[in-house]
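Quick note: residue numbers are just sequence positions, from 1.
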Amino acid sequence: MCGIAGSINFSNGKINQRIVDPLINSIKHRGPDHTGYWLSKKNNVLLINTRLSILDLTKRGNQPFISKDKRYIIVFNGEIYNYRNLKSNLEEFFFRSNTDTEVVLNLFIKFGYKCLSMLEGMFAFAIYDTQENQMFCARDQFGVKPFYYHIDKDNFWFSSELKSFFSINKNFKKNEKAIFRYLASEYHEHIKETYYEDIFKIKPGHFVIIKNKKIIEKNYWTFEEQYNKTSLPKNYEDRKSYIKDLVFKSAKKSIISDVPVSLTASGGLDSSILQIAIKKYNPDIKLISWIFQNKEFSEKTYIDEISKITKLKSLMCVVSPKDFTSNIKKSVYINEEPFSGLPIISYYLCLKKLCKNKVILDGSGLDEAHTGYDKYFSTKTNSKTNFSFSQDGLKSVFSNIIDKRYYNRYYNLSPEIPKPFENNLENIKYSDLFHLKLPRALRMRDKISMSLGKELRPCFLDVKLITSLFKLKKSEQFRGRLGKIFLREIFKNDLKRKIVFAKKRNIQTPQSFWFKKDLKKWIDDYFKKTEIWDAGWLNRENFYKNLDLFYKGKINNSFFIWKIINLDIWKNIH
């Protein structure tokens, strides 16, 4: 796990070497263990790596890696869980390290872009071919690891973080379209755009080739193709065995490491399943959790209940209203773009205060793949309304707070989200997996963990597991208003029934409660001082009308308040 950055000049012009140190410093937190860079003889290509040592802790694992014939150079960020198996098929290559990075480089030399479909894990990397004067860049199927890029007149610049680009150009404009989507919908993480004009992302499951002043982007993987070629056992019990085996294989792969590993534990089903699976391979795994000061929002009872079964006790970080106000600016700075509220700050505090290990395991992805949210059971939820409904099925967007002129300028903005499936449920889940919910959760987890020099691995984001769960029969997805039925049935003998068949607790944070009680004065004072009203994005009068309705209990979602606070802090920091 690392930070990567670099550039290639389209016209063989020289890259100013004074940019090297600022670029390194912008991503140094991602890889505090070693810094390396490669500059071509003509000074027209630059590759930078800041290393977080996870596999092969010796200096042999330092990057950039250069092929034996000196033709190819790679900088890599991520973890390839099956790299040892892949390495066994590369006997013709000399290896100087025991890293997955060197395996990826030699796979690319042998198979070209086709090697991407062989990789199991999370990754973003760049490989420069000195003979062809060509840069090849790629990102994993779910977009777990970030890859940002910017093109100026003569250069293609890339980095793991947006901060890097402000070393090149301090005058990037805010992306008004992205800001509008943030205010007007649940669409916060844009598949190619960012919240800055002229800074983009390689899309998940895509690669980019830069050669002869041309930039070609292609997909090497699509979920639709994976879905179509995925087949499940016809017999019900065989399907259960097949899915359970995939769960355990995903867990086993994800713990590969030469350093100790921790696991983030909540009191929910996904966390419980992950603990059961991981303990089989790592019985001494360390658990960390966050809970809230307010007992009615605390998961402590459920966390303790699961600990009795797994015999794994969790360290707990207690989050208070003061923690919220003390860490909000730092969290906004770390995330680089607007995000979705209090859970992100809680995640940051938990990792910062409790996690001593470099690697952290996480159970993201099952809710989206396996019908885990209440909104999936609502007759009101469809591909259109999904843009304005939170996971509990309640309305989360109040468009009247948007300035009328600003709204009229962008209201017909295309959501850019395809509907590849024949039924409504699958299209909603697809949009949540690849456009709405999971992408913003992955972005948050990457930025927060890497800001602290930690590697966070979403263990269940295995292509076979996610696609198989997604493809289960509707009757195996949910029963009544209880989702993830198939996984519940599989693990009902491993966990107590009251845990396995507990209804999802959507209200996991006291954000709305705090905004009405503990933080009411802070909220009121904040909006008296803010100058965000001058940006032309918001209708101040309507916002205060909504705020009054919120205080009176007639609006039960506080997200419209958080959005403006977040947007204001972000606007002033970045």
Participant: Flag this pair as yes if the NZ/CZ of K437 is under 6.0 angstrom from the six-membered ring centre of Y373 and inside a 45 degree cone about the axis; otherwise no.
Facilitator: yes
Participant: Sequence neighbours excluded, which residues qualify as side-chain hydrogen bond (donor to acceptor under 3.5 Å, both in side chains) partners of E176?
Facilitator: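 For E176 the side-chain hydrogen bond (donor to acceptor under 3.5 Å, both in side chains) partners, ignoring immediate neighbours, are W537.
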Participant: Can you list the residues that meet the side chain to side chain contact (heavy atoms under 4.5 Å, CB included) rule with F377, with sequence neighbours excluded?
Facilitator: T371, D374, F478, R481
Participant: Does any donor atom in the side chain of T467 or Q226 lie under 3.5 Å from an acceptor atom in the other side chain?
Facilitator: no
Participant: Among pairs that include at least one residue of residues 326-335, which meet salt bridge (charged side-chain N to carboxylate O under 4.0 Å, His left out), considering only residues two or more places apart or in two chains?
Facilitator: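 Sorted result for residues 326-335: empty, none.
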Participant: Please identify each residue that fulfils side-chain hydrogen bond (donor to acceptor under 3.5 Å, both in side chains) with S160, with sequence neighbours left out.
Facilitator: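 By the side-chain hydrogen bond (donor to acceptor under 3.5 Å, both in side chains) rule, S160 matches no residue at all.
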Participant: Can you sort out the partners of S320 under side-chain hydrogen bond (donor to acceptor under 3.5 Å, both in side chains), two or more places apart, ordered by chain and number?
Facilitator: D323
Participant: List for me each residue that meets side-chain hydrogen bond (donor to acceptor under 3.5 Å, both in side chains) alongside H188, sequence neighbours excluded, and say none if there are none.
Facilitator: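 Checked H188 against side-chain hydrogen bond (donor to acceptor under 3.5 Å, both in side chains); matches are R440.
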Participant: Can you check side-chain contact (heavy atoms from CB on, under 4.5 Å) on K404 and N539, steps first, answer last?
Facilitator: CA-CA 7 Å; K404 191 172 183 180; N539 184 311; 5.9 Å; no
Participant: What I'd like to find out is whether the side chain of I328 reaches to under 4.5 Å of the side chain of W562, using heavy atoms alone.
Facilitator: yes
Participant: So do E197 and K177 actually touch side chain to side chain, heavy atoms under 4.5 Å?
Facilitator: no
Participant: Regarding K429 and the six-membered ring of F470, is the cationic atom NZ or CZ under 6.0 Å from the ring centre and inside 45° of its axis?
Facilitator: yes
Participant: If we check side-chain contact (heavy atoms from CB on, under 4.5 Å) with Y407, which of these qualifies: I401, N400, I402?
Facilitator: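 Considering I401, N400, I402, a side-chain contact (heavy atoms from CB on, under 4.5 Å) with Y407 is found only for I402.
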Participant: Using the salt bridge (Lys or Arg N to Asp or Glu O under 4.0 Å) criterion, which residues pair with E426? Sequence neighbours excluded.
Facilitator: none
Participant: Taking only residues two or more places apart in sequence, or in another chain, which ones meet F513 in a ring pair (Phe, Tyr, Trp, His ring centres under 6.0 Å)?
Facilitator: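 With neighbours one apart ignored, the set is F297.
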Participant: What pairs with Y195 under ring pair (Phe, Tyr, Trp, His ring centres under 6.0 Å), at least two apart in sequence or on another chain?
Facilitator: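 In terms of ring pair (Phe, Tyr, Trp, His ring centres under 6.0 Å), with neighbours along the sequence ignored, Y195 is linked to H190, W570.
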Participant: Please enumerate all residues that pass ring pair (Phe, Tyr, Trp, His ring centres under 6.0 Å) together with F515, with sequence neighbours excluded.
Facilitator: F324
Participant: Any heavy-atom pair between the side chains of K484 and D270 that's under 4.5 Å?
Facilitator: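 Side-chain contact under 4.5 Å: yes.
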Participant: Does the structure place the NZ or CZ of K163 under 6.0 Å from the centre of the six-membered ring of Y333, at an angle of no more than 45° from the ring's axis?
Facilitator: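 Yes - K163 lies over the ring of Y333, closer than 6.0 Å to its centre and within 45° of its axis.
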Participant: Between the side chains of Q477 and H370, is a donor N or O closer than 3.5 angstrom to an acceptor N or O?
Facilitator: yes
Participant: Using the ring of Y430 (Phe, Tyr or Trp, six-membered ring only), decide whether K419 places NZ or CZ under 6.0 Å from its centre and within 45 degrees of its axis.
Facilitator: no
Participant: Restricting to salt bridge (Lys or Arg N to Asp or Glu O under 4.0 Å), what partner residues turn up for K521, sequence neighbours left out?
Facilitator: D525
Participant: What residues form a ring pair (Phe, Tyr, Trp, His ring centres under 6.0 Å) with F166, not counting sequence neighbours?
Facilitator: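 Partners of F166 by the ring pair (Phe, Tyr, Trp, His ring centres under 6.0 Å) criterion, ordered by chain and then number, come out as F172, Y196.
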Participant: Are Y302 and I499 packed together at the side-chain level, in the sense that at least one heavy-atom pair is separated by less than 4.5 angstrom?
Facilitator: no
